[in-house]
Number of protein chains: 2
Amino acid sequence: MGETGETGSSRTRPTIYDVARAAGVAPSTVSRAFSRPGRVNAETADRIRRVAHELGYRTSPIGRGLPDGRTALLAIVVADLTNPFFFEIIRSAEKTAIDSGYTLLVVDAHESSGAERRALERTLPLVEGVVLATSRLSDAAIRAVAKQRPTVVMNRVVTDVPSVVTDNAQGMRRAVEHLAGLGHARLTYLAGPEASWADGMRWRAFREATRELGLRAWRLGPFAPTLAGGLSAAQALTTHSATATVAYNDLVAIGTMRGLTRLGVEIPRDLSVVGFDNIFGSDFCTPPLTTVASPLRHFGTFAVQRLLNQLRAPSSGSSPGLSAPALLPAKLVERGSTARRA
Amino acid sequence: MGETGETGSSRTRPTIYDVARAAGVAPSTVSRAFSRPGRVNAETADRIRRVAHELGYRTSPIGRGLPDGRTALLAIVVADLTNPFFFEIIRSAEKTAIDSGYTLLVVDAHESSGAERRALERTLPLVEGVVLATSRLSDAAIRAVAKQRPTVVMNRVVTDVPSVVTDNAQGMRRAVEHLAGLGHARLTYLAGPEASWADGMRWRAFREATRELGLRAWRLGPFAPTLAGGLSAAQALTTHSATATVAYNDLVAIGTMRGLTRLGVEIPRDLSVVGFDNIFGSDFCTPPLTTVASPLRHFGTFAVQRLLNQLRAPSSGSSPGLSAPALLPAKLVERGSTARRA
DNA sequence: ACGGCGACGGCAACCATTTGCCGTCTGGGG
DNA sequence: CCCCAGACGGCAAATGGTTGCCGTCGCCGT
């Protein structure tokens, strides 16, 4: 009934002023005791730390961020939080950020450029830098983001913006060679979202690799990069004469296998399927999926490291070495979804 | 070489002072034009908004948060980001938060109370409130969190802290009745993490339901709430005489089925399996999993709504109605992993 | 003995915004 | 004609830290 007359359990945390008063020093000294080790006498610093600890003082990120905008926050924007592709990426990115004293915000773009734009609008002012993981934004929009905050894009190349990408061409080439080696001569590619840069890369590499090896190649789609998308792809495949298919990603591949199995097509006997990404789950679906493996863990670590580099480099501007895309190798993991042509 | 002499493309956004100067008013008026509609003359406000828009002004969340701590940030802490159980929860929670003008931070606790504690330490000062989704923290630790910020716990009951839980007892009862109806008389429960409150609830309900129906009941575990955990469970099950099993959650159930299949046990012919949660994927594993469905989507929405209620209610304190657990119903989804006893 | 320097701590400004309070102006009622 | 109220806009303080600059003090070298 009464006003907030509580004494100890107040929800407002103590400030440096409280600590300063209790320790008999000036607030600035308290601040320095925490943020500038060595600048204040060791004994004094010790006493301050002791008092602060007793009072339960914790430095407020808001106050700290005010003067120079240092919020110690980074963000990673992923196209789809539920896509296992991002699991390892998020975790490794998070770890790297934490190890450097940053907190990583995970932002879900729901596979929509509109949602991505809105989310960025909300998040950007808060953070010091951002990783755009497989963004659905236009190059121009991404450059606009990069103008506001240090930015790293993942699995995409945008002029003047640092990026981390898998070697799609190399991976696709391996996949096609693998299928060719099994005797397949008629291949389809199941395309992903039109807005996906990686999809464009993969399709191009697919076309080139098949051409060089003298194979017939078709493109089906686009399909949503989800299991549901894969189901539609299965439908489309039934009327097709190809004996092997490469999907935009593992989710589509798995969805396709499910759909085809349901339609009575047996995999890999009737059709070989190759995925992309080697996500969590691709090894225990039935049959286990042959897929082009991306170094997922390195992806997150690498992206955040590049971001941190930018943050540390005051003279960002025009160092060309920094914005050249970092190319991470891809390798083929052969599992049960591909077999010699019947 | 020179100093930062750039003109237009500066990374520092315009402030209310810039807008005020351009519009010929005081900064306070600009502030009010945005945050206190009606307080300033409609024409003036209009002019200010126009000028602000031209300048590309956006109110800074940091500055705004300073005076009264309003950061418009909420956090949801999930036990494991990669667990599909949380997908729908996160999405619905996020939507609810955004609709109310808040941004939701997603925080991963990596199934570890240590990591959860550290993450909270980092996040708590930033946010106005927090949802603890299946926390691995002790009750005392949770109450300590609740003392710092408005808090809602999910799938768990902690005295004096508002919570949202599924009706585990009811769901488990349905599952056991279902199995009994199929002629099973020897049942095992595959336990989840010791730190899981829901696990305790489910095991207790399992024991009671089996006792009342006159069935034999065993408890195996604990197992990690992951596919890997399910694989270990499969191992443990092979030496057991039960004809049906209920798993702590779907991930364990699916892992168990995989493990058993690999060991030559056929499901549901040799063993019936029931999961918990009805996660994304439980319908397309082989065989499709019979499971106790939680209203995942409502979970997130509900939790955030209760949080928002707390934020709006200044007189929180001791209104008992507010902290009574909200019980969400559970129902059984019968699929292919259960069958009549052989 | 004195000058200088380095270590250390305090003062005050600064960051972007909100808000309590006050001054001014206008209009209407008595 | 005066008074009062209400609308509106400005001043300045407050929020919680950080940091440039300055003063003080003690020590060392000359």
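Predicted, not measured: the structure shown is a model, and the values here were computed from it. Residue numbers begin at 1 in each chain, while the letters A, B, ... track the order of the sequences.
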Inset, instruction - Please check if any side-chain donor atom of A:Gln305 sits under 3.5 Å from a side-chain acceptor atom of A:Thr96, or the reverse. - result: no

Inset, instruction - With heavy atoms under 4.0 Å as the rule, sort B:Arg70 into base, sugar-phosphate or nothing. - result: nothing

Inset, instruction - Under 4.0 Å between any heavy atoms, over every strand shown, what does B:Val30 touch: base, sugar-phosphate, or nothing? Just pick one. - result: nothing

Legend entry - A:Asp80/B:Arg91 ion pair, N-O < 4.0 Å: yes

Inset, instruction - Remember a base hit wins even if backbone is also touched, and classify A:Phe34 as base, sugar-phosphate or nothing at under 4.0 Å, heavy atoms. - result: nothing

Legend entry - Sub-4.5 Å side-chain heavy-atom contact between B:Ile90 and A:Asp108: no

Legend entry - Protein-nucleotide distance (B:Ile16, atom CD1; D:dA12, atom C1'), rounded to Å: 13 Å

Inset, instruction - Have a look at A:Ile62 and say if it touches a base, only the backbone sugar-phosphate, or nothing, with a 4.0 Å heavy-atom cut-off. - result: nothing

Inset, instruction - Using a strict 4.0 Å threshold on nitrogen-to-oxygen distance, state whether A:Arg156 and A:Asp139 make a salt bridge. - result: yes

Inset, instruction - Return no unless some side-chain N or O of B:Ser31 is found under 4.0 Å from OP1 or OP2 of C:dT17. - result: no

Check: protein-nucleotides 20-25 of chain D nitrogen or oxygen pairs below 3.5 Å:
| unit_1 | atom_1 | unit_2 | atom_2 | d |
| --- | --- | --- | --- | --- |
| D:dG20 | O6 | A:Arg32 | NH1 | 3.4 |

Inset, instruction - Grab the CD1-C1' distance between B:Ile48 and C:dT17 for me, whole Å please. - result: 14 Å

Inset, instruction - Answer yes or no: does a side-chain N or O of B:Tyr17 lie under 4.0 Å from OP1 or OP2 of C:dT18? - result: no

Legend entry - A:Phe302, CZ: over 12 other non-hydrogen atoms inside 6.0 angstrom: no

Legend entry - Parallel, tilted or perpendicular: rings of A:Phe85 and A:Phe299 (30°, 60°): perpendicular

Legend entry - Atom-to-atom span, CG of A:Asp68 to C1' of C:dA13 - whole angstrom: 14 Å

Legend entry - Gap between atoms CG and P, on B:Leu55 and C:dA16 respectively (whole Å): 14 Å

Legend entry - OP1 or OP2 of C:dG9 under 4.0 Å from side-chain N/O of A:Thr44: yes

Legend entry - Side-chain heavy-atom pair A:Leu74, A:Leu308 within 4.5 angstrom cut-off: yes

Inset, instruction - Could you work out which one of D:dG10, D:dG17, C:dC11 sits closest to the side chain of A:Ala26? - result: C:dC11

Inset, instruction - To the nearest Å, give me how far apart CG (A:Asn41) and C1' (C:dG10) are. - result: 15 Å

Inset, instruction - Identify whether any heavy atom of A:Ser60 sits under 4.0 Å from a base atom; if not, whether one sits that close to sugar-phosphate; answer base, sugar-phosphate or nothing. - result: sugar-phosphate

Legend entry - Distance in angstrom units between A:Arg13 CZ and D:dT15 C1', rounded: 16 Å

